[in-house]
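In this text the structure is predicted, and so the values were computed from the model without any measurement.
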There are 2 protein chains.
Amino acid sequence: MTEEIILKREMIQRFGDAYKAFGLNKLMGNVVALLLFSHQPLSLDELCSELGRSKGPVSQIVRRLRDRKLIRKVWDTENSRKDYYEIEPEIFENAFLNNFSLIKNNTKIAGMLKKKADTSDHQHIEIVQKRLLEMEAFYMLMEKHFSNFLNEWELKSREYR
Amino acid sequence: MTEEIILKREMIQRFGDAYKAFGLNKLMGNVVALLLFSHQPLSLDELCSELGRSKGPVSQIVRRLRDRKLIRKVWDTENSRKDYYEIEPEIFENAFLNNFSLIKNNTKIAGMLKKKADTSDHQHIEIVQKRLLEMEAFYMLMEKHFSNFLNEWELKSREYR
DNA sequence: TTTAGCGTTTTAAATTTTTGAAACGATAAA
DNA sequence: TTTATCGTTTCAAAAATTTAAAACGCTAAA
């Protein structure tokens, strides 16, 4: 029992750091880790007390996590009118897809700017065009492989559900 | 000419935002964009005046970008003893690799925790083990596809160099 | 040597982000 | 209705980050 709690604490730490490293709120990672390693859905109050935070920020973070489809609300028909939260089964691919859309945005920007650059008649712009061409190619190839990954994961993930 | 400057300004903005979205310093993105779309290497002073920033932060950011192998120093043997900076030719794959190492870390963590969980004799830990197993599988598959991507890009990038 | 021209580091101010307390609003039970 | 129990929003405080100014140290030229 103690061992499991230590493990959970470590995960809460690490997920917090990882989320921060990716430009997200640390608390988002904490909540995700807590739910990932809980045996049943948790209420907002339980999240608060487990993490030692007050309701305000946890409520906001829970919303952001739901927006990103990383956690979801479940209803405990027996008990009270509390909301309970659990991990979205597709959390990993959804988290990945959130970043994927950022990547796709880069491809789009590169393409757009390349088009703009093409219509410009300035000679010096060559280098810029070349750079944008490479950038677009890079992100397009990336997208292709990311799609492959997601497709393969869709098959493989069945083993775990 | 004006058009090119507008383009450059837009890129500086967008790269700043993108870098921030990935948890990095906005100024890092600004510097990268500026160098990506300059026709020759720039000195620290030029970076400062182009971006309207003072030397202190730019100097620090330049160091971080060099650490990450996104830009590099070149020497202008003719002029002065100023340092000049330009984009590292492999900037895109290097930027990607920086994040890749974060991903690899996730795989490692998942594996490590799974091992810890395996040695635990508590029954309730099953769910945790299952989650960690899935997480590890997810990141391992991701790594595989990322490697594929990098290999293919290594070939394709030759067209642009 | 001394001096001038660099880049770096430090420090303090400004800004942004995170956080908690409390007010607020909604809904279900009494 | 009224009351109690939630979740959400607001706002001010705290913490973290970003930034600029200036001091500093190094190196090359005089």
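Between A:Gly56 and B:Gly52, the one whose closest nucleotide on DNA chain D sits nearer the 5' end is A:Gly56. With DNA chain C read from its 5' end, the first of the two nearest nucleotides for B:Lys20 and A:Ser54 is the one closest to B:Lys20. Each of A:Leu24 and B:Lys55 has a nearest nucleotide on DNA chain C; the 5'-most of these lies closest to B:Lys55.
Here the side chain of A:Leu44 is nearest to one of D:dT8, C:dT8, C:dT19, namely D:dT8.
The two residues B:Tyr85 and B:Arg66 come nearest to each other via the heavy atoms CE2-CD, 3.8 Å. Pairing each heavy atom of B:Val31 with each of B:Leu65, the nearest pair is CG1-CD1, 3.6 Å.
Put simply, CD1 on B:Ile61 is 14 Å from C1' on C:dT9, counting in whole angstrom units. Between B:Asp17 atom CG and D:dT18 atom P there is a gap of 14 Å when expressed in whole angstrom units. Taking atom CZ of residue B:Arg81 and atom P of nucleotide C:dT8, one finds them 14 Å apart after rounding to whole Å. At whole-Å resolution of the value, NZ in A:Lys26 and C1' in D:dA16 are 11 Å apart. For the pair B:Leu51 CG and D:dT18 P, the interatomic distance rounds to 16 Å; values are reported in whole Å. If you take NZ of A:Lys82 and P of D:dG7, they are 7 Å apart, rounded to a whole angstrom. Summarising the geometry, the separation between CG on A:Asp83 and C1' on C:dA28 is reported as 13 Å, rounded to the nearest angstrom. Straight-line distance from the CD1 atom of B:Ile71 to the P atom of C:dG7: 12 Å, rounded to whole Å.
Within a 6.0 Å radius of CD in A:Gln40, other residues, nucleotides and ligands contribute more than 12 heavy atoms.
Taking the six-membered ring for Trp and the full ring otherwise, B:Phe96 and B:Phe149 have centroids separated by under 6.0 Å.
In the model, B:Ser157 has no side-chain atom that pairs as donor or acceptor with a side-chain atom of B:Glu93 under 3.5 Å.
Residue contacts shown for B:Lys73 are absent, as no nucleic acid heavy atom lies under 4.0 Å away.
Put simply, A:Arg63 has no side-chain N or O that comes within less than 4.0 Å of OP1 or OP2 on D:dT8.
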